[in-house]
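Everything on this sheet refers to the single structure shown next.
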Amino acid sequence: MKKKKWDMWVIVSLILMGVYCLFMVYPLLKMLMQSVQDEETGAFTLKYFARFFGDSYYIGTLWNSFKVSICATVITLIIGVPMAYFYTVYEIRGRKFLMIMIILCSMSAPFLGAYSWVLLLGRGGVITKFFRTALGIRLPNIYGFGGILLALSTKLFPLVFLYVSGALKNVDNSLLEASTNMGCKGAKRFAKVVIPLCMPSILAAALMVFMRSLADFGTPRMIGEGYTTFPVLIYTQYVGEIGTNYNFAAAIAVVAVIITAIIFLLQKWSSNKFSFTMNALHSIERKKAKPLGSFFIHLFCYGMVAISYMPNLYLIYYSFHNTSRTGNIMKPGYSFMNYEAAWDEMRPAIWNTIRICGGALILIIVMAMLISYLVVRRRNIINNVIDTMSMIPYIIPGAVIGIAMVMGFNSGWLVLTGTAWIMVVAMCVRRMPYTIRSSVAVLQQIPITVEEAATSLGASKFKTFWKITVPMMFNGVAAGAIMTWVTLITELSSSVMLYSYNTITLNLLVYTKVLGGTDFQACAVSTILTIFTVITLMIYMKASKGREVTM
């Protein structure tokens, strides 16, 4: 009797299942166990959950997070949806430049935006001083809810723009022409036709913005002052500015996972309710707006981008400020002194950014291609479970991932705490879902007949994957991976729980510099980080051959 050959893809599925169980399920279970374990006796208890829900202060931080997230989501929709509509439907001068600037607005960490807004509108900010001394006007306080909302809205509206502009590419031009012929024009057409057609993408963008706002740690930490949000509460309970309580921090983290899971399921339900398929036979043809309309369209698009990117430009300008006014090489009061002062710390941080984020990116690309192939080409129970497990980090805040990693790997047979590996693992787990989804989308566009032809010619299934499928996927996956690289080098909420002196990255160095009060050096480091992101965008534009970015 002929022995049945063992399928290599079964082994790959089992390995991937084991990796997820070890590096995601195990830490989360450890965190869950610690949340119901008495810190003194080790006995089962729910007192930490009772403490959270029984104290109005802790419930207040949860409400603060919801309030910020809801308002940020509404504002980004108000900005991003019309901007995507104007960009797609009307002729705009310098549209490629506008697209690049919109992307750059979202390519830095939100906490950097918060920090730069403090430099502009804080108590000692340059704009605040100008209005107070030159005009005698006292500007409103930027700290607290308003400042958090400003920083998040200006950083996250590009996500809505990218989602909705991508959806508008699938809208057939005949639908807009038909509505115009029936007397439905302008704002009425936008509300009655365009928004319903883009509703699935709008809901997806709203979820993305809401989750990002809810999970953001750096912005409220930087500009919130007395306005404490949920992620900041988790951090302070774990790190212990007032006193550490790992079990209570674990309980709060579990509450965060449950809440975000409920929100995610509600969004999935609403998306399914509004879901439909569109294929544009004739893409929307851009037209010239009337002179007055064109003026307001340009003012709205370029004005919002200017407001959003202005803080980044001020950070770059501020980085050359010379407090001692000596050693000038540019003009009086300005030099490269801040870069020189920070260089000794910046040099290892640059190397750590490359090796840690680069290592995470390589693992993400390889695993994403393998998982996407299993999900699309070899669907079965095991691969469906892997697909589901890979999406779990999508709904988990970064601070929770960080706590889970420490609790899972700070003792026992596998100790990773304090090493670069724990940061690589956390980044892979956290950022994998986005790359997997984009890889699945690319693979679904590749006809299976190409692989079947290679197999019929004698190539093994695994060889067919590496020699045929991967090269065909690579351009699309690489373009998505370049954007993933940006999220890795600007990662803060999980990395701030995991880094050590030897593993500090550029983004973390900026954070520590700001907390240490060395503002000029912080600006110098953030400028280097901005250069990283600009180079990344240039590589993306080259790799995608000028294709417009959508989500």
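Bear in mind that the values here come from a model prediction, so they are computed numbers and not experimental data.
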Going through the checks in order, is the side chain to side chain donor-acceptor pair (under 3.5 Å) test met by Ser319 and Tyr339? CA-CA 8 Å; Ser319 69; Tyr339 293 86; 2.6 Å; yes
Is any side-chain heavy atom of [Y] closer than 4.5 Å to one of [X]?
{"X": "Met405", "Y": "Met497", "answer": "no"}
{"X": "Trp485", "Y": "Cys357", "answer": "yes"}
{"X": "Ile148", "Y": "Met222", "answer": "no"}
{"X": "Ser372", "Y": "Met473", "answer": "yes"}
{"X": "Thr484", "Y": "Leu361", "answer": "yes"}
{"X": "Met346", "Y": "Gln521", "answer": "no"}

Please work out which of the three classes, parallel, tilted or perpendicular, describes the rings of Phe336 and Phe320, given edges at 30° and 60°.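 Because their plane-to-plane angle is over 60°, the rings of Phe320 and Phe336 count as perpendicular.
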Parallel, tilted or perpendicular: which describes the rings of Tyr90 and Tyr85, with under 30° parallel and over 60° perpendicular?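 Answer is perpendicular, since the angle exceeds 60°.
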[X] and [Y] aromatic centres sub-6.0 Å:
{"X": "Phe52", "Y": "Phe230", "answer": "yes"}
{"X": "Phe409", "Y": "Phe23", "answer": "yes"}
{"X": "Phe248", "Y": "Tyr58", "answer": "yes"}

Could you please spell out the steps behind the side chain to side chain contact (heavy atoms under 4.5 Å, CB included) verdict for Val160 and Val164? CA-CA 6 Å; Val160 178; Val164 177; 4.1 Å; yes
Which heavy atom in [X] sits nearest to a heavy atom in [Y], and how many Å separate them?
{"X": "Leu498", "Y": "Val406", "answer": "CD2-CG2, 3.4 Å"}
{"X": "Asn352", "Y": "Asn502", "answer": "ND2-O, 3.2 Å"}
{"X": "Ala151", "Y": "Gly113", "answer": "CB-C, 4.4 Å"}
{"X": "Pro231", "Y": "Asp216", "answer": "CG-O, 3.5 Å"}
{"X": "Ile142", "Y": "Gly122", "answer": "CG2-CA, 3.9 Å"}
{"X": "Ser493", "Y": "Gly398", "answer": "OG-CA, 3.4 Å"}

Should Glu340 and Arg347 count as an ion pair when the cut-off is N to O under 4.0 Å?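 Salt bridge flag = no for Arg347 with Glu340.
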Given Arg212, which of Thr73, Leu156, Leu207 fulfils the side-chain contact (heavy atoms from CB on, under 4.5 Å) condition?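 The option that passes is Leu156.
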Under 3.5 Å, side chain of [X] to main-chain N/O of [Y], donor-acceptor pair present?
{"X": "Thr518", "Y": "Lys513", "result": "yes"}
{"X": "His298", "Y": "Arg93", "result": "yes"}
{"X": "Ser153", "Y": "Leu150", "result": "no"}
{"X": "Asn64", "Y": "Thr228", "result": "yes"}
{"X": "Thr128", "Y": "Leu121", "result": "yes"}

Just how far is it from atom NZ of Lys30 to atom OG of Ser35, taken to the nearest 0.5 Å?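 So the gap between those two atoms works out to 12.5 Å.
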Walk me through it: do Arg286 and Tyr87 pass the test side chain to side chain donor-acceptor pair (under 3.5 Å)? CA-CA 9 Å; Arg286 290 189 295 273; Tyr87 183 85; over 6 Å; no
Who passes ring pair (Phe, Tyr, Trp, His ring centres under 6.0 Å) against Tyr143, sequence neighbours left out?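 Tyr143 satisfies ring pair (Phe, Tyr, Trp, His ring centres under 6.0 Å) with no residue once adjacent residues are dropped.
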